[in-house]
Number of protein chains: 2
Amino acid sequence: MKTISRKEEIIATATRLFYEKGYTAVSMRDIATAMDIKAASLYNHIKSKQEILSEIILKVAKEFTDGMVSVVTENTSAIKKVEKVIELHIDITVNHSEALAALNNDWMHLEEEDLEAFVKMREDYEENFRIIIKQGMDAGEIKSYHPEVILFSILSTLRTLYLWYQKRGKVDVNILKKDMVSVLIKGIV
Amino acid sequence: MKTISRKEEIIATATRLFYEKGYTAVSMRDIATAMDIKAASLYNHIKSKQEILSEIILKVAKEFTDGMVSVVTENTSAIKKVEKVIELHIDITVNHSEALAALNNDWMHLEEEDLEAFVKMREDYEENFRIIIKQGMDAGEIKSYHPEVILFSILSTLRTLYLWYQKRGKVDVNILKKDMVSVLIKGIV
DNA sequence: AATTCTAACTAACAAGCGTTAGTTTTGTTA
DNA sequence: TAACAAAACTAACGCTTGTTAGTTAGAATT
């Protein structure tokens with residue numbers, strides 16, 4: 001039986017508060033108050049505020065990295081790979097929507113090795129996506145626009161999905177995947 | 001001859017720092033140091049830190065609102081209007097890329113009337129975009145996916161354009177407009 | 001030459017920050 | 001019931017925060 005530890009409760013609470021106000025605007029006292037304890041008590045379970053941020057961000061970042069690696073090494077068409085990447089983002093968004101706020105907006109407040117690790121993961125991720133798009137252009141599956149425009153059009157939409165997935169009535173995941181794939185790949189006309 | 005006032009210099013400096021680290025992570029002493037003066041001297045020119053944030057955000061928000069109103073009242077096809085909206089975003093991004101960081105990430109730190117005004121402008125903007133898309137669906141110009149998926153796919157890309165316009169070698173604005181319109185409207189296949 | 005304006009300065013404030021040390025309460029196991 | 005571990009507590013630390021008050025130096029205007 002997997003019970004959730006006190007540390008995980010702290011991280012969950014912090015994730016929600018960071019989502020609402022951002023890392024620097026949330027104090028340790030804010031997190032403690034939300035849990036009905038005193039700030040000092042948090043330190044029985046975590047090492048520092050920085051550790052909370054790094055656990056939130058790096059855990060999700062690893063999911064992206066692992067997912068992307070498994071997609072990029074598949075032996076399928078580029079378009080199929082793009083579809084898989086879209087589905088990967090939707091799955092992670094559905095499961096960790098609040099953590100994505102910290103990942104998108106507060107990664108620059110990571111320190112030293114954590115910051116370096118994150119930046120590297122992000123660059124590798126983008127590079128893998130770029131490779132997929134170029135593969136698709138070489139194969140004639142994808143139109144030859146400026147690859148960066150395609151890359152960031154799709155990636156921007158996927159990265160900010162967390163902002164409206166929550167409030168728009170949590171539409172069914174499979175319908176969402178189908179529509180997103182259509183809109184992002186086939187356009188709207 | 002239009003010289004820039006000391007107040008405008010403060011806002012320009014703050015805009016750059018907010019872009020790099022976010023509103024709450026930048027102190028008045030940070031802003032002052034970047035201008036080679038003391039923090040207290042800033043208050044000869046501005047009322048509060050909050051005033052700086054609100055000037056940065058609301059000025060750009062008004063540009064979006066005005067631009068959208070002028071597009072939505074045009075007597076053209078829905079697709080043409082979507083094109084105009086894309087071009088509007090690109091123009092504003094090119095001219096105010098750093099201010100868009102505050103608008104996107106720090107609007108929740110606005111207070112009272114400023115916060116209310118911003119939220120209202122943002123909702124109205126989205127609603128106008130929604131109307132354009134529905135008009136396009138009714139006229140058979142735009143495919144009948146879930147309108148929200150189309151709305152936020154396009155809007156997400158446009159809203160985060162500021163993040164990569166800067167580092168990707170400032171590609172020519174007209175080429176950027178042409179490619180973005182193609183990718184966002186006609187898709188990538 | 002006297003006045004006003006602009007824009008900087010020093011010094012300080014009350015409040016909040018992340019964090020540590022040491023102690024007490026609570027619940028479980030021997 | 002005694003011992004132990006988990007998790008809370010109080011109190012305080014040094015530092016940073018946004019901001020105010022009062023003053024001064026130099027430039028522009030009268």
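In what follows, every chain begins at residue 1, and chains take the letters A, B, ... in the order their sequences are listed.
Rounded to an integer number of Å, the gap from OH of B:Tyr23 to P of D:dT17 is 13 Å. Across the protein-nucleic acid pair, A:Lys47 atom NZ and C:dT20 atom P stand 10 Å apart, rounded to whole Å. Per the geometry, NZ belonging to B:Lys21 stands 12 Å off C1' belonging to D:dT16, to the nearest Å. The NZ atom of B:Lys38 sits 17 Å away from the C1' atom of D:dG22 (whole-angstrom rounding). If you measure from atom CG of B:Asp30 to atom C1' of D:dG18, you get 12 Å, rounded to the nearest angstrom. The distance from atom CD1 of B:Ile10 to atom P of D:dT19 is 13 Å, rounded to the nearest whole Å. When rounded to the nearest whole Å, the span between OH of B:Tyr43 and C1' of C:dC13 equals 13 Å. Across the protein-nucleic acid pair, A:Glu51 atom CD and C:dG18 atom P stand 15 Å apart, rounded to whole Å.
Within 4.0 Å (heavy atoms only), B:Arg6 reaches sugar-phosphate atoms of the nucleic acid but no base atom. Counting any heavy atom pair closer than 4.0 Å across all strands shown, A:Ser27 reaches sugar-phosphate atoms only and no base atom.
Using a 4.0 Å cut-off, no side-chain N or O of B:His45 falls inside it from OP1 or OP2 of C:dT6. Residue B:Lys49 places at least one side-chain N or O closer than 4.0 Å to OP1 or OP2 of D:dG18.
Taking 4.0 Å as the cut-off between side-chain N and carboxylate O, B:Glu9 and B:Arg6 count as a salt-bridged pair. In summary, B:Glu123 and B:Lys120 do not engage in a salt bridge, as defined by a charged side-chain N under 4.0 Å from a carboxylate O. Ion pair B:Arg130/B:Glu148 flagged as a salt bridge, since at least one NZ, NE, NH1 or NH2 atom sits closer than 4.0 Å to an Asp/Glu carboxylate oxygen.
B:Lys177 NZ: more than 12 foreign heavy atoms inside a 6.0 Å radius.
Taking only distance into account, the side chain of A:Asn44 never meets the base of D:dA6 through a donor-acceptor pair shorter than 3.5 Å.
Distances from the side chain of B:Arg29 to the nucleotides C:dT19, C:dA8, D:dG18 place D:dG18 closest. Among the nucleotides C:dT20, C:dT10, C:dA8, the one closest to any side-chain atom of A:Ala40 is C:dT20.
For A:His89 and A:Tyr125, the ring centers are positioned less than 6.0 Å apart.
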